[in-house]
Protein chains: 2
Amino acid sequence: MLDELDRKLLEILVKDSRTSLKVLAQQVGLSSPSVSERLRRLEERGVIRAFTIEIDPQALGFSLQAIVRIRPLPGKLHIVQKLIEEIPEFGECDKVTGDDCFVARLFVRSIGELDHLLDRIADKAETSTAIIKGQPIRRRPPPLEALTGRS
Amino acid sequence: MLDELDRKLLEILVKDSRTSLKVLAQQVGLSSPSVSERLRRLEERGVIRAFTIEIDPQALGFSLQAIVRIRPLPGKLHIVQKLIEEIPEFGECDKVTGDDCFVARLFVRSIGELDHLLDRIADKAETSTAIIKGQPIRRRPPPLEALTGRS
DNA sequence: AGTGAAAGATCCTTCTT
DNA sequence: AAGAAGGATCTTTCACT
């Protein structure tokens, strides 16, 4: 599924996706062409979904984040889902089992904006909102070490 | 806060963080040194938190994701938080207002594993778990266009 | 803030083993 | 998968606007 070398490559790239093949190679003890081939396959397999940047919402003025649980009214599920997708302040949305149908993350610049956005859904779904006070764990990858047995 | 050019640079980098200065420059109509300077400042300001890769948990065998709401028993808050942080299968955790103290995301390879991990918290907190059935919106950046007025 | 040119460094890919 | 090499590509510096 993932050998020791792949795992190490991923770990390095998570920290800095611009790391060159050359540097990757010497970090894992392979040659550049080998690393190149491994990366190609990791992308092909879909393990590496994208080379991207992480943007800090706070630094852009989105000083508030909220977790919103959303329970669409009968018959409104698809409309609600579409609405959520179209509101760019929703930075994440999962469809889940249980009473709440969706759990979403909202980036806003003020309480007023939060209120305004929730109003847009208010007539199509029940919502429960929890303001985020802190992030003990910011988005991190699944445990790669659990896949190779090594740490 | 963010001008048109910065916004465009961020958008390009979100799609591919390996884009070279040269290409960035021609895409936004600036020179390489200017782009370099802008990136430097975006990093300095903390807007760009990291150049990283996005890993697909599914492709690694973590076929199940769950959202877990966690309410520590009296006096157990810190212990619970520490425990969560130490369990690498938690891929995200927010501290929120309301009855639930934490909302966390769990990556697991099976229901059995989910059960086992929740057991580790069971005596220190109440938990409510919702299995993720789909992801209408996968992690995406906050709306940059809302900051410049342009689309 | 930004430009343009230039120099030097670095890199990726190909080919052979 | 290694290793070497050729050729392309990039980043940074500098003088100037």
Side-chain angles (χ1 to χ4, degrees), chain A residues 1-62 141 144-145 147-151, chain B residues 1-56 59-61 141-151:
Chain A
M1 165 125 293
L2 207 66
D3 69 12
E4 190 71 9
L5 266 25
D6 288 329
R7 188 177 65 79
K8 205 154 186 184
L9 291 173
L10 291 176
E11 276 169 2
I12 296 170
L13 288 171
V14 164
K15 292 197 202 112
D16 183 359
S17 58
R18 293 174 304 182
T19 310
S20 69
L21 292 181
K22 193 191 174 197
V23 171
L24 286 171
Q26 55 200 39
Q27 299 268 334
V28 303
L30 280 183
S31 64
S32 295
S34 303
V35 171
S36 177
E37 175 63 11
R38 276 171 181 267
L39 290 191
R40 199 189 59 66
R41 274 197 258 151
L42 286 169
E43 290 192 69
E44 188 180 66
R45 281 203 282 156
V47 173
I48 297 180
R49 188 137 56 190
F51 288 74
T52 187
I53 53 171
E54 192 187 322
I55 293 178
D56 180 6
Q58 297 241 44
L60 291 179
F62 294 90
L144 307 179
E145 70 276 14
L147 300 169
T148 61
R150 302 260 54 259
S151 104
Chain B
M1 166 123 292
L2 207 65
D3 70 12
E4 191 70 9
L5 267 24
D6 288 328
R7 186 177 65 78
K8 205 155 185 183
L9 291 173
L10 291 176
E11 275 169 3
I12 296 170
L13 288 171
V14 165
K15 291 195 203 117
D16 183 0
S17 59
R18 291 173 304 182
T19 310
S20 68
L21 291 181
K22 193 190 176 200
V23 171
L24 287 170
Q26 54 200 37
Q27 300 266 339
V28 303
L30 280 182
S31 63
S32 295
S34 302
V35 171
S36 176
E37 175 64 10
R38 277 171 180 267
L39 290 191
R40 200 190 57 67
R41 272 198 263 151
L42 285 168
E43 291 192 69
E44 188 180 65
R45 282 203 281 155
V47 173
I48 297 179
R49 189 139 53 191
F51 288 74
T52 185
I53 54 171
E54 192 187 321
I55 293 178
D56 181 6
L60 291 180
L144 307 179
E145 68 277 11
L147 300 169
T148 60
R150 302 259 53 259
S151 107

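As the structure is a computational prediction, the values presented were derived from the model and not from experiment. Chain identifiers are assigned alphabetically (A, B, ...) following the order of the sequence lines, protein sequences preceding nucleic acid strands; residue numbering begins at 1 within each chain.
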(request) Show your working on salt bridge (Lys or Arg N to Asp or Glu O under 4.0 Å) between B/R40 and B/E37 and close with a plain yes or no. (result) CA-CA 5 Å; B/R40 200 190 57 67; B/E37 175 64 10; 3.2 Å; yes
(request) Step by step, work out the side chain to side chain contact (heavy atoms under 4.5 Å, CB included) result for B/L30 and B/L9. (result) CA-CA 11 Å; B/L30 280 182; B/L9 291 173; 5.6 Å; no
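With rounding to whole Å, A/L24 atom CG is found 13 Å from C/dC12 atom C1'. B/L39 places its CG atom 10 Å from the P atom of D/dT12, with the value rounded to the nearest Å. Spacing between atom CD of A/Q27 and atom P of C/dC11 amounts to 12 Å, rounded to whole angstrom units. Distance B/L30 CG to D/dT11 P: 15 Å, rounded to the nearest Å. When the C1' atom of C/dG2 is taken as reference, atom CD of B/E37 falls 10 Å away, rounded to whole Å. For A/L21 and D/dA4, the CG to P distance is 18 Å, given to the nearest whole Å. Distance NZ (B/K22) to P (C/dG4): 14 Å, rounded to an integer number of Å. Between the CG atom of B/D6 and the P atom of C/dA1 there is a distance of 11 Å, rounded to whole Å.
Out of C/dG2, D/dT11, C/dT13, the shortest distance to the side chain of A/S32 is found at C/dT13. Side chain of B/S31, nearest nucleotide from C/dG4, D/dT11, C/dC12: C/dG4. Side-chain proximity of A/R38 to D/dC10, D/dA1, C/dG2: nearest is D/dA1.
Counting heavy atoms from C-beta outward, B/T148 and B/D6 have side chains that stay 4.5 Å or more apart. Looking only at side-chain heavy atoms (C-beta outward), B/L42 and B/L2 come within less than 4.5 Å of each other.
Residue A/S34 has no polar side-chain atom (N or O) positioned under 4.0 Å from OP1 or OP2 of D/dA1. Under 4.0 angstrom from either OP1 or OP2 of C/dT13 there lies at least one side-chain N or O belonging to A/S36.
The pair B/E11-B/K15 does not meet the salt-bridge criterion, since no charged nitrogen lies less than 4.0 angstrom from a carboxylate oxygen.
Of the two residues near DNA chain C, B/P33 and B/R41, the one whose nearest nucleotide lies more 5' is B/R41.
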